[in-house]
Amino acid sequence: MHAPYAITSGLDGNLWFTEYQGDGVGRITPYGDTRRIPIEKDSFAERVIAGPDGSIWFTDTVSNRIGRVDADGKTTYIKLPHPDSGPVGITTSRDGNIWFTEHAGDRVGRLAMSAQITEFEMPKGSGPAEIISGPDGNLWVAEDRGNRIAKVTTSGQVTEFAIVTPDSHPAMMTVGADGNVWFTEPPVDKIGRITEQGKITEFPLPTPGVPLGIASGSDKNLWVTVVRAHLIYRVTPEGNFTAFNTPPASAPTFIVAGPDGNLWFTEPNGKIGRLAVSGQLTEFVFSDPQKNAN
């Protein structure tokens, strides 16, 4: 199955994405030209990020390792110290390292470009999933089991902030133009905003439908994918929503701001979407997931 999944903006000016339960990493140029790079058959590239070295880095949840794709398409792996880690989220930080979450092991990890790994314990049962680098120089983590947002310093000190709505299972995160961290709450059809001081404000979606991906656009607004409603919301920093419909059965999933000023999002139907901040939508076919399922 070659269904586009998590997506990031590369330092090479292209967009890079993983495949849902697939054994490949994809690249798409701002003009829509695609390339698929096969990875090892026992791999499952989960989340993806552009590293400080210009390579593409991804979490391999199944094989318990971090993968790297260089400019020539060569893939290498770094095995994690613990067999129960279950890496999920991945990001780069101001200190020039790769940071990632270990969802199953309740840890976060720091990966230096020298391949040295340092792990930090999170509270048991927290379920650290998504991770991003904040404007304050700290790491911010969505605890989808603990129903909290955690601030983690680069020395590993953890401060947690509880989300008021129960069972919100915080998912994807982004840094807004307002300097706050924004996140989605898929099961409760809300998005949230947390300040550096830990104050959380939640905003309910006008139309329910499982908000998942979130990105900060070149227009200084937030852009949120709503999977089951087949739409993408533009959200101002004040919490005002404007809906942009996507094609039927598109199920927009992950989203990122591209180097061209547009928003780019993945669709499980084998397509990559490009959405201008004006609302103009273009789709590019990467593959036919049904054809490639066998």
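On a predicted model such as this, the values are computed, not experimentally measured, just so you know.
Using a distance-only test at 3.5 Å, with no hydrogens or angles considered, a donor-acceptor pair links the side chain of S218 to the main chain of G261. A donor-acceptor pair is defined here as one N or O able to donate and one able to accept, closer than 3.5 Å; such a pair exists between the side chain of R110 and the backbone of T154. Of the possible polar contacts, one joining the T225 side chain to the G213 backbone as a donor-acceptor pair under 3.5 Å is found. A donor-acceptor pair under 3.5 Å is formed between the side chain of H169 and the backbone N or O of D144. Although no hydrogens or angles enter the test, the distance criterion places no donor-acceptor pair under 3.5 Å between the side chain of H230 and the main chain of T246. A donor-acceptor pair is defined here as one N or O able to donate and one able to accept, closer than 3.5 Å; no such pair exists between the side chain of S168 and the backbone of N147. Within the 3.5 Å criterion, the main-chain N or O of G127 finds a donor-acceptor partner in the side chain of D106. Panel note: side chain N180, backbone R193; no donor-acceptor pair is recorded below 3.5 Å. Under the 3.5 Å distance criterion, the side-chain polar atoms of S43 are left unmatched by any main-chain donor or acceptor of D23. Counting only distance, with no hydrogens or angles, the side chain of T184 and the backbone of M172 share a donor-acceptor pair below 3.5 Å.
If you chain together hydrophobic residues whose side chains sit under 4.5 Å apart, V48 and I90 never meet in one group. Note: the hydrophobic cluster containing F265 does not contain V256 (ILVMFWY, side chain heavy atoms under 4.5 Å, direct or indirect links). Cluster membership for I49 and L11, using ILVMFWY side-chain heavy atoms within less than 4.5 angstrom, is not shared. Placement of F254 and W182 within a single hydrophobic cluster is found when ILVMFWY residues are connected by side-chain heavy-atom separations under 4.5 Å, directly or transitively. Residue Y5 is not grouped with residue I255 when hydrophobic side chains (ILVMFWY) are merged at heavy-atom distances under 4.5 angstrom, including chains of intermediate members.
For the pair T101/P87, no side-chain contact is recorded, criterion being any heavy-atom separation below 4.5 Å from C-beta on. Taking the side chain as every heavy atom from C-beta outward, L222 and I191 never approach each other to under 4.5 Å. In this structure, V108 and E121 have side chains that are not in contact, with every pair of non-hydrogen atoms separated by 4.5 Å or more. When side chains are defined from C-beta on, P52 does not count as touching R94, because their heavy atoms never get closer than 4.5 Å. With contacts defined as side-chain heavy-atom distances shorter than 4.5 Å, the pair R145/H103 qualifies. V25 has its side chain within reach of F58: a pair of non-hydrogen atoms, C-beta onward, lies under 4.5 Å apart. The closest side-chain heavy-atom distance from M173 to I149 is below 4.5 Å. Side-chain contact between T174 and V181 is absent, with no heavy atoms from C-beta onward closer than 4.5 Å.
A donor atom on one side chain and an acceptor atom on the other are found under 3.5 Å apart for S85 and E102. In the model, H82 has no side-chain atom that pairs as donor or acceptor with a side-chain atom of N64 under 3.5 Å. In summary, the side chains of N269 and E267 do present a donor paired with an acceptor at a separation below 3.5 Å, with no hydrogens or angles considered. T236 and E238 form a side-chain donor-acceptor contact under 3.5 Å, judged by distance and modelled atom types alone.
A perpendicular orientation is assigned to the rings of Y233 and F241, their planes being inclined by more than 60° (bins at 30° and 60°). By the 30° and 60° cut-offs, the orientation of the rings of F284 relative to W264 is parallel.
Counting all heavy atoms, side chain and backbone alike, P30 lies closest to N14 at CD-OD1, 3.6 Å. The shortest heavy-atom contact between F17 and R27 is CE2-N, 3.8 Å. Closest of all the heavy-atom pairs between A129 and V141 is N-CG1, 4.3 Å. When all heavy atoms are compared, the tightest approach of F161 to I200 is O-CD1, 4.0 Å. What you find for Y77 and I39 is that their closest heavy atoms are OH-CB, 3.4 Å. Between L212 and A171, the closest heavy-atom pair is CD1-CB, 4.0 Å.
Under the 4.0 Å criterion applied to side-chain N and carboxylate O atoms, E19 and R36 are assigned as salt-bridge partners. Note on E185 versus K190: no salt bridge recorded, every NZ/NE/NH1/NH2 to OD/OE distance being 4.0 Å or above. Under the 4.0 Å criterion applied to side-chain N and carboxylate O atoms, E196 and K199 are not assigned as salt-bridge partners. Comment: R65 engages D60 in a salt bridge, judged by a side-chain N to carboxylate O separation of less than 4.0 angstrom.
Once rounded to the nearest 0.5 Å, the distance linking CD1 of I117 with CZ of R107 reads 11.0 Å. Taken from NZ in K151 to CD1 in I194, the straight-line distance is 8.5 Å, to the nearest 0.5 Å.
Under the rule for a side chain to side chain contact (heavy atoms under 4.5 Å, CB included), the partners of D70 that lie at least two apart in sequence or sit in another chain are S55, R68, D72, K74. Shown here are the side chain to side chain contact (heavy atoms under 4.5 Å, CB included) partners of T34, two or more places apart in sequence or in another chain: I28, F286.
Within 6.0 Å of the NZ atom in K79, the count of heavy atoms belonging to other residues, nucleotides or ligands exceeds 12.
Screening F120, W57, W140 against W99 for a ring-ring contact (aromatic ring centres under 6.0 Å, His included) leaves a single residue, F120.
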